[in-house]
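For reference, positions follow the sequence shown, starting with 1. In each ligand, atom 1 is the first atom listed, and ligand 1 is the first ligand listed.
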Amino acid sequence: MEKLTSSLRIKAALDRMNIKTFKDVLYHLPRTYDSFEPTDLTSLEDKQKIVIVGKRIGPMNYVKRGRLTIINFLVNTAKGYFFRVVAFNRPYLMRFVNEKDTYTITGRYDAKRREINLSNIVKGEMEPSEYLKPIYSLTKDLKNFEFERLVKKAFKETGNTLYNNLPEYLNKKYRFISESEALRKIHFPKNEDDIYQGLRVLKYEESLMFSLQTQLIREQNKLLFKGEKTPIELKKVNDFVVDLPYKLTKSQLNGVREIILDMNKPSLMYRLLQGDVGSGKTVVAATALYANFLRGDQGAFLAPTDALARQHFENLQASFKNFPVKIELLVGNLTEKRKNEIKDAIVAGDIHLIVGTHALFSGDVFYNSLGLVVIDEQHRFGVNQRAALAAKGDHADLLLISATPIPRTLAMSVYGDLDVTTLDQFPGHKRDITTMIVNSSDETIAYSIKQALERGEQIFIIAPRIEEVEDNNLAAETLYQQYSMKYKGLVTLLHGRLEQEEKLRAFEKFKSGEKPILVATSVVEVGIDVPNASLMLIYAPTHFGLASLHQLRGRIGRKGQPSTCLLVGDDFDEIDEEKLNVLVNSNDGFYIAEKDLLLRGPGELSGVSQSGLPSFRYVNLISDFEMFKYARKDAEEIISDADNDDNRLIIEKAKILIERDGFVGV
Ligand code: ADP
Ligand code: MG
């Protein structure tokens with residue numbers, strides 16, 4: 001087989017996109033399509049996208065303003081309409097556009113000036129079958145036309161040897177086209193229907209494989225039994241509940257009941273606890289840990305960072321102060337001696353509840369009788385880490401806490417391998433957060449900071465990155481410098497690359513109010529509890545998913561005090577605004593998560609999902625949900641008829657995926 005490319009630059013770019021084979025090329029689908037279908041010119045609206053076919057008449061005008069070059073020229077369309085076309089920073093057009101040829105031009109229409117702001121220009125007129133041009137998400141140093149060329153080459157090399165994983169009877173039942181044909185239609189569609197027919201196959205296959213995996217894991221889990229356990233009596237658990245400084249909500253009580261019922265079953269618990277920010281998930285987990293203590297077992301509470309572990313530790317200590325539950329904290333920055341003491345006490349069974357980070361499942365930690373593992377912000381732990389801890393307990397129940405709530409109907413499909421408990425009520429005071437979109441020079445920023453400082457309340461400033469790459473306002477370090485200059489002595493910085501000690505010190509200074517402004521990246525301690533904080537500035541918010549933004553903003557207004565969240569940026573486009581407006585208009589985490597899933601672009605590879613929502617390559621869980629449900633049902637039938645030869649094959653494939661990836665879905 002031929003090499004992918006002989007260009008070192010292209011090879012490096014492909015490597016960065018994790019594209020190594022021709023097959024990888026073919027499965028890197030267009031992000032969207034540009035349409036070259038000529039626009040009906042009789043009724044144009046301001047700012048609409050427009051496609052014209054025509055010839056240049058008159059001169060090419062060239063203007064240079066600082067680093068900006070502006071070219072404009074007049075075009076006469078075949079139908080006799082005239083437009084001025086304006087192009088920014090494309091000096092090569094001076095030579096490209098002559099008066100002889102016909103061009104197809106796309107751009108945005110400015111009605112007032114009867115101008116087209118050019119986005120694309122090609123020589124010639126297109127055939128209807130060429131109207132849809134694929135646009136790929138690529139790294140900067142790879143051009144779209146270069147990738148198109150690669151796709152063509154990939155079809156020559158591998159194109160006809162691709163098959164999907166589906167049993168033949170399903171391909172027939174749904175009238176799916178072959179895998180090669182599907183990919184061809186997606187990369188070179190002749191019309192919209194081609195794209196639909198192609199994607200339909202890939203989406204269904206992805207849904208079916210996903211459902212098979214979750215359901216197979218569930219079947220396996222059902223076969224894992226705990227040893228003899230003392231049944232937990234709800235009545236006794238109630239001692240803990242009535243000792244709390246507040247009354248649990250109905251939803252929390254239901255949650256506790258569901259969890260304890262599970263813990264009393266012979267098979268292991270695999271349960272996800274979800275609810276909006278501030279719905280009080282921690283105390284439900286604490287109650288389960290108390291129940292676990294009652295039956296004589298050890299519990300482990302796992303948090304994603306040292307600071308969060310410490311915070312949970314302090315809260316749990318307070319909750320258990322009237323009970324003989326011995327709690328310890330095991331995190332990275334303890335002395336070796338202290339760590340060893342704690343580890344010894346864990347083996348000996350002298351500690352009932354151990355709170356910590358992934359240090360809890362390093363190879364040299366042995367439990368005496370681990371009965372329940374709680375994992376907070378579960379998506380931040382890799383599947384393998386989770387599996388390692390579960391293996392330590394051997395027979396430990398597992399309670400995962402997810403920070404991103406999704407509607408119940410959706411949860412059933414998405415978390416097919418888990419049981420789900422949903423908290424859908426808010427305890428205590430209602431949050432009062434106003435969210436606004438502002439640009440970086442907006443006076444609202446300084447004004448809001450001044451007000452918060454005067455009231456003695458803390459301020460979060462969030463940036464998507466630690467260091468500057470190229471743009472302004474993306475890096476915590478830059479913002480830290482800017483804000484420290486303006487607010488001398490009041491600002492501190494926190495991000496993942498600081499030493500553990502530095503992080504804790506920065507956080508303590510912020511929490512105590514000594515430094516009331518914290519500049520931080522989002523990966524750091526989103527779950528931290530600073531009840532007095534009432535203002536959050538999020539720079540470059542479009543770098544985060546909606547669900548993550550909602551979680552971030554959940555850090556302010558925790559006491560019910562009026563609070564403000566400012567989404568700061570200077571070049572939001574319409575799509576950005578639509579997305580951000582979801583946050584401006586709603587404080588409902590369930591609704592926001594649903595919108596988040598809906599608005600995600602196809603195949604958006606956001607890396608490790610910050611929110612914990614599953615990310616699919618092709619499927620959009622909201623818009624493809626009907627199909628997803630079919631696939632789920634088919635998966636059930638396949639598993640219940642596993643002896644059928646066709647089914648056996650696809651089940652084997654699903655099992656291989658489970659082995660290889662752990663499980664990606666949750
Ligand atoms: P989250 O679900 O976001 O993790 P937490 O568990 O941190 O929320 O709870 C948020 C706050 O609400 C905590 O300060 C907690 O003590 C408090 N809280 C939890 N349950 C109740 C309740 N039933 N009544 C009053 N306050 C509660
Ligand atoms: Mg929490």
Side-chain angles (χ1 to χ4, degrees), residues 237-238 240-259 271-290 301-321 355-357 374-381 399-406 411 420-433 458 460 511 522-534 536 547-561 563 565 587-590 592-593 610-612:
V237 178
N238 206 35
F240 179 75
V241 173
V242 296
D243 189 62
L244 289 167
Y246 41 74
K247 259 180 77 182
L248 292 189
T249 62
K250 229 194 225 150
S251 184
Q252 284 173 316
L253 285 171
N254 270 335
V256 166
R257 205 167 297 131
E258 274 178 5
I259 291 166
R271 189 168 277 279
L272 182 86
L273 174 60
Q274 65 158 5
D276 207 341
V277 198
S279 59
K281 298 180 284 285
T282 318
V283 70
V284 172
T287 312
L289 285 164
Y290 181 68
F301 192 117
L302 214 71
T305 66
D306 277 20
L308 276 175
R310 197 170 288 271
Q311 185 180 293
H312 279 311
F313 171 65
E314 283 162 11
N315 290 342
L316 287 166
Q317 255 185 334
S319 310
F320 285 119
K321 68 177 186 300
V355 184
T357 54
V374 175
I375 305 185
D376 193 23
E377 304 209 17
Q378 49 92 18
H379 64 279
R380 297 225 231 160
F381 291 92
L399 182 64
L400 306 168
I401 304 180
S402 160
T404 305
I406 56 176
V420 179
T421 291
T422 302
L423 302 186
D424 51 14
Q425 281 179 314
F426 277 104
H429 9 248
K430 194 94 188 99
R431 296 286 180 91
D432 177 10
I433 303 178
Q458 283 103 321
F460 286 95
K511 194 167 178 176
S522 75
V523 281
V524 196
E525 355 286 310
V526 283
I528 52 177
D529 204 6
V530 182
N532 255 336
S534 69
M536 178 175 282
S548 306
L549 288 169
H550 178 64
Q551 263 180 65
L552 279 170
R553 123 181 118 168
R555 298 304 116 214
I556 55 174
R558 293 182 79 95
K559 290 190 310 189
Q561 72 274 39
S563 298
C565 174
N587 262 318
D588 176 352
F590 289 92
I592 291 167
Q610 285 168 3
S611 61

Colleague: Do Thr282 and Asp376 make a side-chain contact, defined as non-hydrogen atoms from C-beta onward lying under 4.5 Å apart?
Modeller: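 Contact flag for Thr282/Asp376 side chains = no.
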
Colleague: Any donor-acceptor pair under 3.5 Å linking the side chain of Gln425 with the backbone of Lys250?
Modeller: yes

Colleague: What residue and atom, counting heavy atoms only, is the protein's closest point to atom 19 (C) of ligand 1, and at what distance?
Modeller: Tyr246 OH, 3.6 Å

Colleague: Determine the interplanar angle of the His312 and Phe301 rings, folded into 0 to 90°, and report it as parallel if under 30°, tilted if 30 to 60°, perpendicular if over 60°.
Modeller: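 Plane angle between 30° and 60°, so tilted.
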
Colleague: Would Val277 count as being in polar contact with ligand 1, using the rule that some N or O on each side must be under 3.5 angstrom apart?
Modeller: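 N/O-N/O distance below 3.5 Å does not exist for this pair.
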
Colleague: Looking only at non-hydrogen atoms, which of Gln252, Arg558, Lys559 approaches atom 11 (C) of ligand 1 most closely?
Modeller: Arg558

Colleague: Counting from 1, what ligand 1 atoms have a heavy atom of Thr249 closer than 4.0 Å?
Modeller: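 Those of ligand 1 that fall under 4.0 Å from Thr249 are 23 (N).
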
Colleague: So which protein heavy atom does atom 9 (O) of ligand 1 come closest to, and at what separation?
Modeller: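 Nearest protein contact, heavy atoms only, for atom 9 (O) of ligand 1 is Gly280 CA, 3.6 Å.
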
Colleague: Answer yes or no for atom 13 (C) of ligand 1: protein heavy atom present at a distance under 4.0 Å?
Modeller: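 Neighbour list for atom 13 (C) of ligand 1 is empty of protein heavy atoms (cut-off 4.0 Å).
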
Colleague: From Asp243 CG over to Phe320 CZ, what is the distance, rounded to the nearest 0.5 angstrom?
Modeller: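 One gets 10.5 Å once the value is rounded to the nearest 0.5 Å.
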
Colleague: Find the distance between CD (Gln561) and CD1 (Ile433) and round it off to the nearest 0.5 Å.
Modeller: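 Answer for the CD-CD1 pair, Gln561 versus Ile433, is 9.0 Å.
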
Colleague: For ligand 1, which atoms, with element, lie under 4.0 Å from some heavy atom of Ser279?
Modeller: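 Per the distance check, 2 (O).
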
Colleague: Among Leu423, Asn315, Thr282, which residue places a heavy atom closest to atom 4 (O) of ligand 1?
Modeller: Thr282

Colleague: What's the shortest heavy-atom distance between Ala288 and Leu399, and which atoms?
Modeller: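 Taking Ala288 first and Leu399 second, the nearest heavy atoms are CB-CD2, 4.5 Å.
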
Colleague: Tell me whether Gly278 reaches ligand 1 (any heavy atom closer than 4.0 angstrom to a ligand atom).
Modeller: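 Within the 4.0 Å threshold, so yes.
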
Colleague: For ligand 1, which part of Lys247 has a heavy atom less than 4.0 Å away: the side chain, the backbone, both, or neither?
Modeller: backbone

Colleague: In Å and rounded to the nearest 0.5 Å, what is the CG to CD1 distance from Asn587 to Ile592?
Modeller: 6.5 Å

Colleague: Does Val283 reach ligand 1 with a nitrogen or oxygen that is under 3.5 Å from one of the ligand's nitrogen or oxygen atoms?
Modeller: no

Colleague: State whether the side chain of Gln458 and the backbone N or O of Lys511 hold a donor-acceptor pair below 3.5 Å, judged by distance alone.
Modeller: yes

